[in-house]
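Heavy atoms only: backbone and side chains are in, while hydrogens, waters and symmetry mates are out. Letters A, B, ... mirror the listed sequences (proteins, then strands); counts begin at 1.
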There are 2 protein chains.
Amino acid sequence: MLNIIVYQIYRKIQPFLQKDMTKKDKKTEEIILQSAEKVFFEKGYAGAKTTEIAKNSGVGHAMLHYYFRTKENLFQIVFERNVELLTNSVFSGLEKQGSFKEIIISLISNHFDFVRNNPKLVLFIINEINRNNNNNTIWKEVSAPILTKVSAQITERINKEKKTGNIRDIDPFNFIVTIISLNLFVFVAHPLINNIKHFTKKEYEAFLERRKQENIRLVLMALQP
Amino acid sequence: MLNIIVYQIYRKIQPFLQKDMTKKDKKTEEIILQSAEKVFFEKGYAGAKTTEIAKNSGVGHAMLHYYFRTKENLFQIVFERNVELLTNSVFSGLEKQGSFKEIIISLISNHFDFVRNNPKLVLFIINEINRNNNNNTIWKEVSAPILTKVSAQITERINKEKKTGNIRDIDPFNFIVTIISLNLFVFVAHPLINNIKHFTKKEYEAFLERRKQENIRLVLMALQP
DNA sequence: ATTATCTATAGATCTATAGATAATGC
DNA sequence: ATTATCTATAGATCTATAGATAATGC
């Protein structure tokens, strides 16, 4: 009898206890997370069912709640992970040293490759920001400081180049919007595009590679005086 | 007793009967449709609840099923309506007569204006094609014939221009992808953009107008030899 | 002793229908 | 007589938890 009461108290506080993350623990937890990411990416928050996520993980459904308590909790972890990934991807190209042109090329190229490797990520984030204002706040808090910094760096370089007369009088924000429009849209609108052309996998790969070169070319042209 | 049986039979076959569409009828039906469109656009199929659609319409919840039988039915009507709208929007610019450059400008401009007036439409269609293969089929059936025609027209004009040397050797499909990437992305990614800049309504309008001009400029530049 | 896992199910939510009643048109 | 509408609720689906048992680590 006492056993049962102690057990029930334990059950109540257990989720709040810091876990040890033994090897086995980490594995199941991570498997559920990956399954959750997959299902959330494909169906969005409302369309994703915890039963499906669990079935996908190959563990009992109760495990999902044991590790993450609620669907909302699980979602938040997936969402934040990916907001950070996306935000940081903008950075990777900027760290290169070199001429303005070289930096722009590496920025576009790295960013394009990141999205190519995570083709469902952008649409997922856009949808979830639209759905829930709290996600919007997370996006702002995580991405704003980094994007502001990146934006400032690009603006500074653009203004410097303007003075030398190497590039035209372009608005930095519009310049950035051009880059992300060209880089992201093919992945966001993948079904629209793949339905017009019926690409095989290889053809699609080739199309993306051409697309990347085309984007670099277009953006550099946009800079010309 | 007999009355009840007759009534029950009537209830069964009623939904399949062609309706007369009296004035009153049309009104309620259309109100529900509009409410459904609004909610489906905002929350997608899974996130939209028939109770919310009904509440939004100001009629009893049962009315929704009375007119449309199922959520799926109601959705299909909204979806097909909007696939047709989007597909036809591509056309409106092409009908103009004039030089190649003029046609391209009117195409981009009309298309951009259409999406500006229906900012949530594209994201809705992309998501629903992703979600359900049947929607994908509808998209293909409705849009393919029209888009193929438009694509062929553009290709023909491009090839003609190539011979005169007025434009560079550009791949027509990539050219079209460039146009729709630039035109659609700002609307699809509206929350991402509006979170970086905190535009007022007026500022946002001005941004969109600049964006349209920028897109025209970029596309014309992309054509230059 | 502690942690991980399973089965069964409570409780909430959502779609759809039953059945009754009100409104409309001939 | 026909059509439109309402209230109440059945039935399905989904999230979350209870309670028991198995696996793990000290």
*Asks:* Does OP1 or OP2 of dT5(D) have a side-chain N or O of Tyr67(B) closer than 4.0 Å?
*Replies:* yes
*Asks:* Using atom CD of Glu29(A) as one end and atom P of dT3(C) as the other, report the distance to the nearest whole Å.
*Replies:* 14 Å
*Asks:* From CZ of Arg69(B) over to P of dA18(C), roughly how many Å is that when rounded to an integer?
*Replies:* 10 Å
*Asks:* Distance-only, no hydrogens or angles: does the Ser35(B) side chain make a donor-acceptor pair with backbone N or O of Ile31(B) under 3.5 Å?
*Replies:* no
*Asks:* Evaluate Glu128(B) against Asn136(B) for side chain to side chain donor-acceptor pair (under 3.5 Å), listing each step before the verdict.
*Replies:* CA-CA 8 Å; Glu128(B) 298 305 333; Asn136(B) 193 18; over 6 Å; no
*Asks:* Could you give the CG-to-C1' distance, from Asn73(A) to dA16(D), as a whole number of Å?
*Replies:* 12 Å
*Asks:* Would you sort out whether Tyr45(A) and Phe79(A) count as a ring pair (Phe, Tyr, Trp, His ring centres under 6.0 Å), showing the intermediate values?
*Replies:* CA-CA 10 Å; Tyr45(A) 181 81; Phe79(A) 183 73; over 10 Å; no
*Asks:* Indicate whether OP1 or OP2 belonging to dT5(D) is found under 4.0 Å from a side-chain N or O atom of Thr28(B).
*Replies:* yes
*Asks:* In whole angstroms, how far is the P atom of dA4(C) from the CE atom of Met63(A)?
*Replies:* 9 Å
*Asks:* Give DNA chain C the dot-bracket treatment, 5' to 3': Watson-Crick (N1-N3 with N6-O4 or O6-N4) or G-U (N1-O2, O6-N3) under 3.5 Å, [ ] crossing, | other strand.
*Replies:* ||||||||||||||||||||||||..
*Asks:* Test Ile108(B) against every option in Asp113(B), Ile179(B), Ile103(B), Leu182(B) by the side chain to side chain contact (heavy atoms under 4.5 Å, CB included) rule and name the one that passes.
*Replies:* Ile179(B)
*Asks:* Is a donor from one side chain sitting under 3.5 angstrom from an acceptor on the other, for Asn82(B) and Glu37(B)?
*Replies:* yes
*Asks:* Using a cutoff of under 3.5 Å, can you pull out all pairs of nitrogen or oxygen atoms linking the protein to nucleotides 13-15 of chain D, with atom names and distances?
*Replies:*
unit_1  : atom_1 : unit_2   : atom_2 : d
dT15(D) : OP1    : Lys71(A) : NZ     : 3.2
dT15(D) : OP2    : Thr50(A) : N      : 2.7
dT15(D) : OP2    : Thr50(A) : OG1    : 2.7

*Asks:* Rounded to the Å, how far apart are Tyr66(A) OH and dA4(C) C1'?
*Replies:* 5 Å
